[in-house]
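Following: one structure in structure tokens, then a few remarks.
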Amino acid sequence: MKALKKSIFTAAISTAGIFAFAMPNISPAEPARHDVTGLLEETKKLDYERKIAAKQTEMDRLDEDLKKGEKEIATLDQGIQKVGTAAEDAAKLLEQFTAQKKRATAELDLLNLRIEAERLKGDGLRMLQSANRKALEAVTKRNEETNARTALVAAETRFLATKAPVPAVASGPGKQAAKNDPTLADWRKKLAKAERATGTAEHQAREAMSAASTRLQEAENAAARVEKRQGELGLEKNPAFPGGNDPLKPSAKR
């Protein structure tokens, strides 16, 4: 650009010189014409030089504008590169956060499975405890029934002793019954009542034990699902972390 301006300026000066040498010789006999022609040529020369100077000024301004534009282009290009880098970083972070969210969701699902398994286990153990209490109650009722049956047999023995062909021994089972002693009918009623209580208690114990077994089986199934899901998560690798090193699943201590 500087060489072009220098060339144009040199050409302008040369042209002005050519105009000066091309002016015709004016004889002393023509003073008026000489003055007018000289003034006209001088005016043309000044006008030409003014135009050349104006063009030179315009070219200088255009050159500055061009340099300014190139500088703006360079600045914008740097800005574009910076924004592009920032956009790439944002995309990587978004991908990383998305992977973390997926992993966290899987961990939350696993935690819910664990909670459900522990809830079922706790329910099953409480139900088993209640079933054991009912079983204890059934055994107690069975003992009460046995006592009632024993008492009935003893009463029947005493009754038979009173019918014996020989006198009963006073200290034996066939001693005479007191007036207020329960009759055989009374002992049979007590035995029947004890049998019903035993049957009810044993039925309730069986039902409670069956319910507890069912709930504990559900707890075992839930625990198996937890183990399976945990194994699946252990096989997964999170690409958002180097080597699949996921902070949501720290490695086991050795």
Side-chain angles (χ1 to χ4, degrees), residues 104-236 248-254:
T105 301
E107 289 285 346
L108 180 60
D109 292 340
L110 177 61
L111 181 60
N112 289 331
L113 289 176
R114 287 174 175 166
I115 292 173
E116 179 64 13
E118 290 300 320
R119 184 186 67 79
L120 291 173
K121 180 181 178 181
D123 289 346
L125 292 176
R126 284 189 293 271
M127 293 172 68
L128 180 60
Q129 185 180 31
S130 177
N132 288 333
R133 290 196 183 100
K134 292 183 181 299
L136 176 61
E137 183 179 356
V139 172
T140 302
K141 295 297 182 183
R142 174 64 65 183
N143 288 339
E144 291 176 358
E145 178 187 346
T146 301
N147 290 332
R149 192 178 301 280
T150 301
L152 175 60
V153 171
E156 289 176 344
T157 302
R158 287 193 300 271
F159 178 77
L160 290 174
T162 60
K163 303 297 182 180
V166 295
V169 181
S171 60
K175 66 179 180 178
Q176 295 293 330
K179 292 183 179 180
N180 295 329
D181 286 346
T183 63
L184 291 178
D186 293 335
W187 288 116
R188 290 189 179 100
K189 289 180 180 179
K190 289 183 178 180
L191 177 59
K193 182 178 180 181
E195 288 176 345
R196 290 193 297 271
T198 300
T200 300
E202 288 180 345
H203 175 74
Q204 292 177 349
R206 287 193 299 270
E207 291 293 327
M209 188 61 68
S210 177
S213 299
T214 300
R215 187 55 56 88
L216 288 174
Q217 184 61 48
E218 293 175 353
E220 289 183 3
N221 296 337
R225 289 193 295 271
V226 170
E227 292 297 327
K228 180 181 178 181
R229 184 55 177 160
Q230 187 170 0
E232 293 173 352
L233 290 177
L235 295 176
E236 293 177 359
L248 293 176
K249 186 178 179 58
S251 58
K253 294 183 179 180
R254 297 181 180 179

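In terms of the salt bridge (Lys or Arg N to Asp or Glu O under 4.0 Å) criterion, E118 has no residue partners (sequence neighbours excluded). Under the rule for a side-chain hydrogen bond (donor to acceptor under 3.5 Å, both in side chains), Q129 has no partner lying at least two apart in sequence or in another chain. In this view, L136 and T140 satisfy the side chain to side chain contact (heavy atoms under 4.5 Å, CB included) rule, not counting sequence neighbours. Scanning for side-chain hydrogen bond (donor to acceptor under 3.5 Å, both in side chains) contacts around Q204 gives an empty result, with sequence neighbours left out. Residues that satisfy the side-chain hydrogen bond (donor to acceptor under 3.5 Å, both in side chains) test with S213, not counting sequence neighbours, are absent from this structure. Taking the salt bridge (Lys or Arg N to Asp or Glu O under 4.0 Å) definition, one finds that K141 meets it with E144, sequence neighbours left out. In this structure A219 satisfies the side chain to side chain contact (heavy atoms under 4.5 Å, CB included) test together with L120, K121, sequence neighbours excluded. With sequence neighbours left out, the salt bridge (Lys or Arg N to Asp or Glu O under 4.0 Å) criterion links E207 to no other residue. Residues that satisfy the side chain to side chain contact (heavy atoms under 4.5 Å, CB included) test with L113, not counting sequence neighbours, are V226, R229.
Within the 4.5 Å cutoff, no side-chain heavy atoms of E202 are placed close to those of V139.
For R114 and E107, the salt-bridge test fails: no basic side-chain N is under 4.0 Å from an acidic carboxylate O.
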Contacts table for residues 145-152: side-chain donor-acceptor under 3.5 angstrom, sequence neighbours left out:
residue	atom	partner	partner atom	Å
E145	OE1	R142	NH1	3.1
E145	OE1	T198	OG1	2.9
E145	OE2	R142	NH1	3.4
E145	OE2	R149	NH2	2.9
T146	OG1	R142	O	2.9
N147	ND2	N143	O	3.3
R149	NH2	E195	OE2	2.7
T150	OG1	T146	O	2.8

*Hey, mind stepping through R119 and E218 against side chain to side chain contact (heavy atoms under 4.5 Å, CB included) and telling me if it holds?*
CA-CA 10 Å; R119 184 186 67 79; E218 293 175 353; over 6 Å; no
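Sorted by first then second residue, the salt bridge (charged side-chain N to carboxylate O under 4.0 Å, His left out) pairs that include residues 124-138, not counting sequence neighbours, are D123-R126.
We find the CG-CG distance between L191 and D186 to be 12.5 Å, quoted to the nearest 0.5 Å. Between the CG atom in N132 and the CE atom in M209 there is a gap of 4.5 Å [rounded to 0.5 Å]. Between R188 atom CZ and T183 atom OG1 the span is 8.5 Å, to the nearest 0.5 Å. Taking NZ of K228 as the reference point, atom CD of Q230 lies at 14.0 Å (rounded to 0.5 Å).
Checking side-chain atoms of T200 against main-chain N and O of A197 turns up no donor-acceptor pair under 3.5 Å.
With hydrogens and angles left out, the side-chain atoms of N221 and Q217 include a donor and acceptor closer than 3.5 Å.
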